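Structure first, commentary second.
Bear in mind that the values here come from a model prediction, so they are computed numbers and not experimental data. Labels below follow one simple rule: chain letters A, B, ... track the order of the sequence lines, proteins then strands, and each chain is numbered from 1.
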Amino acid sequence: MQIGEISQRCGITVRMLRFYEAEGLLQPHRTGSGYRDYSEADLEEAKRIKQLADAGLTVEAMHDLLPCIISPKPTFHPCDRLRARLEGEVAKLDQRLADMERSRSQIVGYLADLPVDTLVPMSQD
DNA sequence: ATTCTAACA
DNA sequence: TGTTAGAA
């Protein structure tokens, strides 16, 4: 199948499909005219990539995770790298969560210090 | 009609 | 990441 079809079937934009290929995540065959030719297996792989991308993982993380994933669902296989990788991702998320909470408190503070709005009468022409 | 690569705002 | 130009 061509890139446009697999794009529709896996939900990844044509742009990103080419990008992931350049990153070595997918290796579709090429037709004589140079068009990418995706197999059903490529489609399944693309669906897995979609799952990871939706989870906010980087291409590098995908490289470690993909070989451990089975089926189009995020079902994991016991690889050693996997646990470390996943724990690292959780650590990153915890850090971001902490940073966001700090920003949130800051902004909520600004809100609390804001003077009460003065009601402006609506022009009744 | 579709896709390809490369490059831009 | 989107978009676009010019070629195939």
Query raised in the report: Do the side chain of A:Asp37 and the main chain of A:Met1 share a donor and acceptor less than 3.5 angstrom apart?
Result: yes

Report task. In plain terms, say whether A:Glu44 and A:Lys47 are close enough for a salt bridge, that is, a side-chain N and a carboxylate O under 4.0 Å apart. Result -> yes

Report task. Ignoring backbone atoms, test whether A:Arg36 places a side-chain nitrogen or oxygen under 4.0 Å from the OP1 or OP2 oxygen of B:dT3. Result -> no

Query raised in the report: Looking only at atom types and distance, does a side-chain atom of A:Asp42 sit under 3.5 Å from a main-chain N or O of A:Ser39, one as donor and one as acceptor?
Result: yes

Query raised in the report: When you look at CD of A:Glu23, are more than 12 heavy atoms from neighbouring residues, nucleotides or ligands closer to it than 6.0 Å?
Result: yes

Query raised in the report: Can you name the nearest heavy-atom pair linking A:Met62 to A:Tyr20, along with the distance?
Result: CE-OH, 4.2 Å

Query raised in the report: Using purine N1 to pyrimidine N3 plus N6-O4 or O6-N4 for Watson-Crick, or N1-O2 and O6-N3 for G-U wobble, both under 3.5 Å, which nucleotide pairs with B:dT3?
Result: C:dA7

Report task. Give a yes/no answer on whether the side chain of A:Gln2 brings an N or O atom under 4.0 Å of OP1 or OP2 in B:dT2. Result -> no

Requested in this report: Nearest whole angstrom, please: distance from the P of B:dT2 to the CD of A:Gln8.
Outcome: 10 Å

Query raised in the report: Are A:Glu89 and A:Lys92 ion-paired here, with the side-chain N under 4.0 Å from a carboxylate O?
Result: yes

Requested in this report: Produce a footprint string for nucleotides 1-8 of chain C: one letter per nucleotide, 5' end first; B if the base is under 4.0 Å from any protein heavy atom, S if only the sugar-phosphate is, - if neither.
Outcome: BBB----B

